Structure formats: C-alpha cells, structure tokens
Protein chains: 2
Amino acid sequence: MNFSIAEENYIKNIYHLQQQSELVNTNSLAYELQTKPASVTDMLKKLQVKNLLDYEKYKGFRLSSKGNKVAINIVRRHRLWEFFLVTKLGFEWDKVHAIAEELEHVSNQELIQKLDRFLNHPQTDPHGDPIPDGNGKMPVIHQLSMADVVEKKKVIVSSVGNQSPAILELLNHYHINIGTEIKINQRFSFDGSIEIKVGKYAACIISELVAKNIFVYHD
Amino acid sequence: MNFSIAEENYIKNIYHLQQQSELVNTNSLAYELQTKPASVTDMLKKLQVKNLLDYEKYKGFRLSSKGNKVAINIVRRHRLWEFFLVTKLGFEWDKVHAIAEELEHVSNQELIQKLDRFLNHPQTDPHGDPIPDGNGKMPVIHQLSMADVVEKKKVIVSSVGNQSPAILELLNHYHINIGTEIKINQRFSFDGSIEIKVGKYAACIISELVAKNIFVYHD
DNA sequence: ATATTTTTTTAGATTTGTCTAAAAATTAAT
DNA sequence: ATTAATTTTTAGACAAATCTAAAAAAATAT
C-alpha cells in the first residue's frame with residue numbers, strides 16, 4: 001500500500017513521539033509537524049480509517065501494528081539515505097537530515113533494497129541511530145552518542161559522526177581517537193557540556209555539540 | 001525559486017515535447033501527462049503567471065527562457081539519478097525511469113552538485129542522453145542509440161545500455177562488441193526492427209529493443 | 001463560404017491537506 | 001464540586017490540482 005507524503009510525515013512523527021511516551025497527544029504532534037491541532041485531528045481520522053492508528057477521541061492515540069510497520073519502513077529509508085549522503089556524497093553529519101526527509105518518501109522497495117546492499121547493510125546512521133533491516137528488525141546498537149551517556153561511566157570511542165577538519169582538530173587537542181577510553185565525570189544541564197577525563201590527561205570539558213559527535217561503546 | 005511536483009512535471013514534459021516541435025499544444029501535453037486537456041489549461045495559466053511560459057490562448061505555448069532553465073535543471077537531476085541507479089545500485093537500464101521520476105523532485109542544489117561529483121561528472125545517462133552541467137550546458141554527444149541512426153549509415157559501437165547477461169548473449173550471437181563497425185541497411189517501421197550488416201557476416205535483423213540498447217558513434 | 005470536426009478553454013464540482021474560530025470534553029484549581 | 005484553564009474536536013472556509021460537461025475558437029471539409 002502507498003501513502004501520501006503528508007500521511008508518511010504524520011506516521012513517522014507519531015512513531016518518534018511514541019519512543020518517549022506510550023500515548024501521543026494532538027498538541028505535541030501538531031508542534032512536531034509545525035501545524036495546527038485541528039489539522040492533526042483531521043489527519044488522525046484518515047489514518048484510523050486506514051487502520052494505521054489506534055485512536056479514541058480525546059483519549060490520545062498510538063500506531064497500530066500496521067502503522068508501526070509503515071513507520072519503521074520510513075525510518076529505514078530515512079537513515080539509509082542519511083548514511084549514503086554522509087559516506088558517499090561527503091555531506092557533513094549535521095546537514096543531511098533535511099535532504100533525507102525528502103528522499104525518504106521515494107518508496108520503491110527495490111530501490112531501498114539495492115541502496116542497502118550498495119552501502120553494505122549499515123547498522124547505524126551518521127547520528128548513531130540504528131537502521132532497521134528489510135523485515136523491520138532493529139539491530140541492537142551498543143554504540144551511542146556521548147551526549148547520551150550517564151555520568152560516571154567509562155566508555156570507549158568507536159566512531160565520530162562528523163569528518164570535518166574542524167572537529168578532528170578539536171579531538172586531537174583533547175587527545176581523543178578511536179579506541180580512546182574516556183570517563184564521563186559530570187554533565188552540566190545549563191548548556192549540555194560534559195566534564196570528561198581522557199586517559200592520563202587532566203579532566204576537561206567538551207561542549208554538547210562535540211559530545212553529540214562522539215560515539216562510544218560501553219559494557 | 002521552488003516548484004511543486006505537479007509544476008515540475010508539466011515543465012519537464014513541455015520541454016521534452018519542444019524537442020520535437022517548436023510550439024506545444026494542449027492535447028499532446030495532456031496525453032503525455034496522462035491527464036485531461038482542461039487540467040492542462042488550468043496549469044498553463046499558473047505557469048504563465050510565474051513567467052515560466054510563453055502562452056497565448058488557443059495559440060499553443062512554449063517555455064520562456066526562465067522555464068527552460070528550470071526544465072534543464074529537472075532533466076539534469078533525472079539523468080544523474082538514472083546514471084546513479086544503473087552504475088552504482090546495479091539497476092537494469094530499462095527499470096530506472098520511474099524511480100528517477102521521483103528522485104528528480106528532490107531539488108537540493110548541494111545534493112545534485114555532490115551527486116554529480118560522486119558520479120564523476122557523467123556526460124550521458126544510461127540511455128545515451130546528454131546530462132546538462134550545473135550551468136545548464138548540454139554536452140555535445142556524438143554517441144547515439146542505434147534505434148536513432150538513419151538508414152545506410154556506417155557506425156561504430158561505443159557502449160551498451162544494458163549489462164544483463166541476456167543482452168550480452170544476444171550481442172555475442174550477432175558478433176557485436178565495443179568497436180565493431182556496423183552498417184544500418186534498412187529500418188522496418190512495422191516493429192522498428194533494423195537490418196544491419198556486421199563486419200564480414202551476412203546481413204541480419206535486430207529488434208528495436210536491441211537497437212535501443214546499442215550506442216554508437218558516427219562521423 | 002458555410003458546416004462539421006477538432007481543439008482549447010471556461011464553469012463549476014471534487015479531493016487532499018490545510019486553516020481559523022468556536023464548541024465540546026478533559027484536566028486542574030480553588 | 002464548581003469554576004477555570006487546557007486540550008481536542010467540529011464546522012466551515014480555502015488553495016492546489018484535478019475532473020466532467022458545456023461553450024468558444026480554430027482547423028478542416030464539402
């Protein structure tokens with residue numbers, strides 16, 4: 001079955017909101033889609049008719065299992081394109097989202113299957129998020145962004161989400177490389193910056209932007 | 001300036017029809033777009049307001065110079081994606097049109113510029129059609145499909161638009177390779193088949209589909 | 001040159017996705 | 001437990017792109 005771009009955007013955003021809370025409400029979806037609550041209600045009714053949504057008036061809503069499958073497929077396309085844009089076309093990590101947002105709506109099965117093969121079945125997109133496989137199965141990713149690591153954890157750097165000379169210069173300065181062990185001391189909520197300890201060097205602070213670009217493993 | 005998918009499809013198809021005749025008429029565009037003449041008239045008015053079209057009621061229409069630039073950009077995107085689909089993703093020559101038709105509407109300048117670089121600035125798409133560069137300049141292509149060669153011409157095979165084992169088997173059978181000289185004897189309009197003479201071998205007939213897949217140079 | 005046919009355009013309706021303003025239901029507050 | 005505030009939905013309108021049916025213009029044929 002085929003869905004309009006508008007429908008796909010609703011489905012995808014409901015999916016993402018569900019990662020944070022079981023039930024989704026009209027206002028937050030409207031905010032996410034940069035539209036008005038009334039428009040959301042209209043679309044919810046259409047999605048419900050197509051059996052993509054479990055929805056009761058005034059009670060909130062969630063994707064049906066069919067809706068979930070559709071959503072995961074969209075997420076798959078989005079993340080594969082992001083991976084392509086960064087690794088093949090040389091885009092910066094942080095510039096690919098908007099473009100992938102358009103490419104994801106080209107919904108030819110064979111295209112995505114062949115793209116996946118061409119990219120060697122990547123497990124995560126350039127932001128470290130897992131890419132579901134053709135059956136909708138999410139790979140279990142041990143890698144996560146340093147911005148998401150809890151305090152006091154020791155981690156090992158696995159990859160960097162941005163290949164720009166600017167960030168590599170910075171990482172050199174901090175003595176951070178692939179394989180480097182880092183301890184997360186403390187996170188400052190004001191600006192999301194983090195105090196870390198790299199090997200034997202004195203503790204130092206990295207900005208949230210840097211933290212987001214460093215991917216790490218931990219046990 | 002940005003255009004809707006519908007607008008882009010109209011512009012592109014007007015462009016293609018103009019390659020055959022200076023002025024385009026409502027019915028043929030409607031046929032091309034698989035829509036109704038009344039819908040075409042409606043859209044023509046909109047395109048005229050946006051200065052994309054020279055249009056006089058009942059007199060036919062053509063793209064303005066602005067419209068032409070937009071069209072060439074769409075053609076560029078379409079052909080670059082076709083090239084990508086065949087050479088990188090391994091699609092068959094004849095399966096890529098529909099997919100490129102969708103991808104062409106993702107109109108991010110940087111995306112197309114980087115895709116072009118990634119593909120090494122190809123001069124022609126998998127059908128042998130020239131790919132305009134970033135400034136809208138069409139490369140002069142001496143290569144053309146054998147289906148388009150006039151009768152009695154001698155040509156030299158330059159490439160094959162389809163890498164499938166099936167066509168390669170056929171070409172072997174006909175003793176056709178890259179560099180082979182072929183004389184086009186006669187074209188049969190009933191089915192588009194062509195009688196050709198390959199080197200010293202007896203004249204034989206190839207189907208239109210095969211002819212379309214053989215690209216040749218001639219003086 | 002007039003009638004016939006074909007092509008093109010207008011008029012008015014429809015579908016999709018959106019909006020504003022107002023009503024209804026739910027939640028929070030006193 | 002009412003009242004107040006918030007959230008959600010309805011009602012009605014609008015823009016884009018399409019359609020059908022009918023009118024208008026142009027091309028063709030006698």
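Keep in mind it's a predicted model, so treat the numbers as computed, not measured. Letters A, B, ... are given to chains in the order of the sequence lines, protein chains preceding strands, and every chain is numbered from 1. Heavy atoms only: backbone and side chains are in, while hydrogens, waters and symmetry mates are out.
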Engineer: If you compare every side-chain N and O of B:Thr41 against the phosphate oxygens of C:dT10 (OP1, OP2), does one of them come in below 4.0 Å?
Structural biologist: no

Engineer: Pick one: which of B:Arg79, B:Arg77, B:Arg76 meets salt bridge (charged side-chain N to carboxylate O under 4.0 Å, His left out) with B:Asp116?
Structural biologist: B:Arg76

Engineer: Could you pull out every donor-acceptor pair under 3.5 Å between side chains of residues 40-50 of chain B and any protein atom, sequence neighbours left out?
Structural biologist:
unit_1  : atom_1 : unit_2  : atom_2 : d
B:Thr41 : OG1    : B:Pro37 : O      : 3.3
B:Gln48 : NE2    : B:Tyr55 : O      : 2.8
B:Lys50 : NZ     : B:Glu7  : OE2    : 2.7

Engineer: Tell me the interatomic distance from A:Ile5, atom CD1, to D:dA16, atom C1', rounded to whole angstroms.
Structural biologist: 14 Å

Engineer: If we ignore angles and hydrogens, is there a donor and acceptor under 3.5 Å between the side chains of B:His127 and B:Glu82?
Structural biologist: yes

Engineer: Look up atom NZ in B:Lys69 and atom CE in B:Met1, then write down how far apart they are to the nearest 0.5 Å.
Structural biologist: 13.5 Å

Engineer: Is A:Glu8 salt-bridged to A:Lys12, going by a charged N under 4.0 Å from an acidic O?
Structural biologist: no

Engineer: For B:Thr26, report the nucleic acid contact type (base, sugar-phosphate, nothing); a contact means any heavy atom under 4.0 Å.
Structural biologist: sugar-phosphate

Engineer: When the distance from NE2 of A:His105 to C1' of C:dG17 is rounded to whole Å, what number comes out?
Structural biologist: 14 Å

Engineer: Which whole-number value in Å describes the distance from A:Asn2 CG to C:dT16 P?
Structural biologist: 15 Å

Engineer: Between A:Lys45 (NZ) and C:dT16 (P), how many Å, whole number?
Structural biologist: 14 Å

Engineer: One character per nucleotide, please: for nucleotides 18-28 of chain D, 5' to 3', B when the base has a protein heavy atom closer than 4.0 Å, S when only the sugar-phosphate does, - otherwise.
Structural biologist: BBBB--BSS--

Engineer: Rounded off to whole Å, could you give me the CD-to-C1' distance for the B:Glu56 and C:dT7 pair?
Structural biologist: 16 Å

Engineer: For the residue pair A:Phe118 and B:Phe84, categorise the inter-ring angle as parallel (less than 30°), tilted (30 to 60°) or perpendicular (more than 60°).
Structural biologist: perpendicular

Engineer: Rounded at 0.5 Å granularity, tell me how far CZ in A:Phe215 sits from OG in A:Ser158.
Structural biologist: 8.0 Å

Engineer: For B:Asn25 and C:dT7, what is the distance between atoms CG and P respectively, to the nearest whole Å?
Structural biologist: 8 Å

Engineer: Could you check whether B:Phe61 gets within reach of a base, just the sugar-phosphate, or nothing at all, counting any heavy atom under 4.0 Å?
Structural biologist: nothing

Engineer: Report the distance from atom CG of A:Leu44 to atom P of C:dT18, rounded to the nearest whole Å.
Structural biologist: 12 Å

Engineer: Between C:dT6 and B:Asn27, is there an OP1 or OP2 to side-chain N/O distance shorter than 4.0 Å?
Structural biologist: no

